[in-house]
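Accompanying notes for the structure given below.
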2 protein chains.
Amino acid sequence: MLRAAVPGAGAPADRRRGCERGRKRRRPRSGGSAGGGGAAASAPEPSAAPTLEAVAALAGVSRATVSRVVNGSPKVKPAAAEAVHAAIAELGYVPNRAARSLASRRTQAIALVVPESVARVFADPFFASIVQGVALALAPTDYTLTMLIESEQDPGKTRRYLAGGNVDGAIVVSHHTGDHSFAELNRSLPVVFGGRPLDASAESGYSVDVDNVGAAADAARHLIARGRRHLATIAGPQDMPPGVDRLAGFRAGAGAASGAGASAAAGAEDAGASASAGAAGMSGAAVLVEYGDFSPASGAAAMRRLLERGEPIDAVFTANDQMALGACTAIRDAGLTVPGDIAVVGFDDDLSAATASPPLTTVHQPSVEMGAEMARILVRLIEGEEVPRLTLLPTRLVVRASS
Amino acid sequence: MLRAAVPGAGAPADRRRGCERGRKRRRPRSGGSAGGGGAAASAPEPSAAPTLEAVAALAGVSRATVSRVVNGSPKVKPAAAEAVHAAIAELGYVPNRAARSLASRRTQAIALVVPESVARVFADPFFASIVQGVALALAPTDYTLTMLIESEQDPGKTRRYLAGGNVDGAIVVSHHTGDHSFAELNRSLPVVFGGRPLDASAESGYSVDVDNVGAAADAARHLIARGRRHLATIAGPQDMPPGVDRLAGFRAGAGAASGAGASAAAGAEDAGASASAGAAGMSGAAVLVEYGDFSPASGAAAMRRLLERGEPIDAVFTANDQMALGACTAIRDAGLTVPGDIAVVGFDDDLSAATASPPLTTVHQPSVEMGAEMARILVRLIEGEEVPRLTLLPTRLVVRASS
DNA sequence: TTGTAGGCGTTATCAC
DNA sequence: GTGATAACGCCTACAA
């Protein structure tokens, strides 16, 4: 008479034969301490979480039915469902994820992969926002978020983990770069990348990005609308999509706006010819270009190079805010003012943009939204829906005092 | 003769009887599409990850042995281990986490819990660093990091998840507050909190924090060493441990330093009497106190109130950097200079501190290290080790131009 | 040291 | 609709 309410309700009394899989409970797992008494133990045996079977017993139905109710199957008589729900509530039952995964071959887990190099960069706000967005979007779903830092020691570890069927899909954030070394994964697992892949080879997976080109063009138009005529830009590395796109967009915006609009500032420099760092200006009205590596120091250096060219400059667009900050410093060091002599527009709208002095006009990236969108897309992908290969999110020019 | 290399090597030919658990493969899971041919299918059946059994077959040993090797059991003959490793490598075997958890009753997963309110605050750099630290510390271990955002809609969800045995332990980060609403969890799961609990009730769990008191005292001593004699402070909310501790520490530091050192700036105001926002200074040499809520705006407002008191002030310590920024603004608005007229020292060393103008002298918190330490402590807790209830990490005063 | 076998908690396939 | 029951892939006491 021990074990009240354990066997399935109306279960046929004896089903032994061969396997005899009835509850037999092994459980003397926590080995150690011989002898019967027990002053030695430490943990008070957390009264083991109730299982689906316990719920079934209490509700007077079979495990199968409980499972159906838990998974929202439509084919369950209301009365039964009712009883099951009651039992679940009474017992505080919560399904065991491991068992569920094992049986269903789906983990309900999504991995967020980030290269260690990015993780080390102290608190990259852009990355933090992405994580936030992903987490927030996943919160209301049944998916769980597993953060994976790709170790540099053992690069294969992450790959193995992902390929090992431990998650249903993955989101890969490679800083602002086009590092899609995980592209291969795409064959064994749904993967969504943050940022446009550098090699636009069609089948390189799914990605979410902002419209860098359009945004940079907006920046150019804004400067021109503000009366600036001598545009310059501090571009990012040309082996990263954002670096390439923002430069191209800025040039396009400068060309189009000036053409359709006022007078000066003609078309952009020839793109091909200026693909190296030291590119000299070709015509007076061209957009002057220098390159940086997204760091404040590189921004300052690039600005100094621009000023040394001796050509007139009354506005500079930088590929990110950090370089804009450096540029501002260089401008002031040269005895000029922002935005009096030179207007400055950055990109990212990171934390320092608003509090910089002067507060920076910049292109705001919806980073949280990007994370959320990546999550949504991945979920749809996992559930077999059709989704676009590339999703572009809109940016917004935030006008502050620097322009 | 089909199925080469599937049955265990020297396995007794026929073990059927009763259960007959030999590989029978169910697997016609992906229902649908009748008919034999197949132009309808989409996914190419990812060639299912190899199982432990496959490894066993290839290595010519039993599953048990493979398991032992995988789990690093010492009792395995080198030769066997060798064979197993080779097989693992050849097959690219990676253990199935779900199955492992189910069988071993350990998930090898750690949850990082963060209240939605914190997650919404846009990219809190402090929080981001914590996550980073946790992730980096966990990377080399076999633990997986599961990010849990506590939904405000359904607060029970997270709790249920945690109590449901889906993780081996949890790390709770409640911003800088003393919100330990998860304290109860402590009974069913190892939990480590970030930040000192407000109620110092002994048994409230494990936590990692910085020495706010000592750090604030350092700040006071620094100011005094710099020749400042009229100290003021903008404290944080007194219902948050950091708010309380930084105020107490600053007072202590000011008192001790001035006592042992030079002349002016006597002991601190009476702590009890000044626990409300408008606390008026009591004696000329006391530390002037105003309160803010950690936002820049509140810092500016508090600074204005301090200035309006009409008492001499040549230095102000704020409970965080954001308020320091606000204070600087207020100081300049009053026609005074930083640090010329008033030196300013913040707390946190957040991203904006270094780039502020003037760059802010502030107390650096090892936030990444805090995250890492929390992770390490939790792992030790999970593995049954003895660990201190409270771990205090050292801070460091970063002297920049504002003081 | 190694193999055997039963069970971990769910899901899913079939009959009823 | 509902209930048996065989996996899911791995771990581990126990036997050898």
Side-chain angles (χ1 to χ4, degrees), chain A residues 8-12 15 17-31 48-56 60-71 73-81 84 93-107 164-166, chain B residues 8-12 15 17-31 48-56 60-71 73-81 84 93-107 164-166:
Chain A
R15 55 187 145 99
R17 174 159 352 106
C19 199
E20 184 197 14
R21 219 162 171 285
R23 300 296 95 171
K24 233 190 305 188
R25 286 299 135 90
R26 174 177 24 166
R27 195 62 65 91
R29 287 262 165 126
S30 46
T51 70
L52 179 154
E53 171 148 4
V55 175
V61 299
S62 73
R63 305 202 310 257
T65 297
V66 175
S67 178
R68 291 190 186 99
V69 172
V70 170
N71 294 296
S73 161
K75 339 204 73 185
V76 177
K77 203 175 290 181
V84 172
Y93 166 76
V94 42
N96 178 306
R97 236 179 151 80
R100 207 210 278 260
S101 299
L102 187 55
S104 67
R105 334 278 274 117
R106 322 175 53 243
T107 64
N166 294 308
Chain B
R15 57 189 143 100
R17 172 155 358 105
C19 199
E20 184 196 13
R21 220 159 168 286
R23 301 296 95 173
K24 231 190 302 187
R25 284 298 135 94
R26 173 174 29 165
R27 195 64 65 91
R29 289 257 167 128
S30 49
T51 70
L52 178 154
E53 172 148 2
V55 175
V61 298
S62 72
R63 307 201 311 254
T65 298
V66 176
S67 177
R68 292 189 187 100
V69 172
V70 169
N71 295 295
S73 161
K75 340 206 72 184
V76 177
K77 203 176 288 180
V84 172
Y93 166 76
V94 42
N96 178 305
R97 238 179 149 79
R100 207 212 277 262
S101 300
L102 188 54
S104 66
R105 335 278 275 120
R106 324 179 50 245
T107 63
N166 294 309

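First the proteins, then the strands, lettered A, B, ... as listed; each starts at 1.
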query = A:K75 side chain: which of D:dG1, D:dC8, C:dT4 is closest?
reply = D:dG1
key: A:R100 vs A:V70, side chain to side chain contact (heavy atoms under 4.5 Å, CB included): CA-CA, chis, key distance, verdict   = CA-CA 11 Å; A:R100 207 210 278 260; A:V70 170; 4.1 Å; yes
ask   = What about B:R68: does its side chain form a donor-acceptor pair under 3.5 Å with the base of C:dG3?
value = yes
ask   = Which nucleotide in the list D:dC14, C:dG9, D:dC10 gets nearest to the side chain of A:L102?
value = C:dG9
key: Between C1' of D:dT5 and CG of A:L52, the distance in whole Å   = 14 Å
inquiry  = Tell me the interatomic distance from A:R97, atom CZ, to C:dC8, atom C1', rounded to whole angstroms.
reply    = 17 Å
message = By the 4.0 Å heavy-atom rule, please label A:A80 as base, sugar-phosphate, or nothing.
response = sugar-phosphate
key: Nearest atoms (heavy-atom pairs only) where B:A81 meets B:V69   = CA-CG2, 3.9 Å
request  = Would you please confirm or rule out a distance under 4.0 Å between OP1 or OP2 of D:dC11 and any side-chain N or O of B:S67?
outcome  = yes
query = B:Y93 has a side chain; which of C:dT11, D:dT2, D:dC10 sits nearest to it?
reply = D:dC10
note = Checking B:V55, B:L52, B:T51 against B:R63 for side-chain contact (heavy atoms from CB on, under 4.5 Å), the one that qualifies is B:L52
ask   = Closest to the A:R100 side chain: C:dT11, D:dG9, D:dT12?
value = C:dT11
request  = With the side chain of A:S104 defined as its heavy atoms from C-beta on, choose the nearest nucleotide among C:dG9, C:dT11, D:dT12.
outcome  = C:dT11
ask   = Out of C:dT11, D:dC10, D:dT12, which has the shortest distance to the side chain of A:N71?
value = C:dT11
task = Could you check B:T65 against A:V70 and say which one's nearest nucleotide on DNA chain C is further toward the 5' end?
result = B:T65
request  = Would you kindly compare A:A99 and A:V76 by the position of their nearest DNA chain D nucleotide and give the one closer to the 5′ end?
outcome  = A:V76
query = Whole Å only: how far is the CZ atom of A:R63 from the P atom of D:dG1?
reply = 22 Å
query = Counting side-chain heavy atoms from CB outward, which of D:dT12, D:dC11, D:dG3 is closest to A:S62?
reply = D:dG3
message = Within this structure, what is the OG-CZ distance for the pair A:S104 and A:R97, rounded to the nearest 0.5 Å?
response = 10.0 Å
query = In whole angstrom, what separates A:R106's CZ from C:dG9's P?
reply = 22 Å
key: A:A98 to B:L102 - nearest heavy-atom pair and separation   = CB-N, 3.9 Å
inquiry  = Tell me the interatomic distance from A:K77, atom NZ, to D:dG3, atom C1', rounded to whole angstroms.
reply    = 13 Å
Given D:dC10, D:dG9, C:dG3, the nucleotide with the shortest approach to the side chain of A:R105 = D:dG9
request  = Take the protein atom CG of B:N166 and the nucleotide atom P of C:dC8, then report the distance between them rounded to whole Å.
outcome  = 18 Å
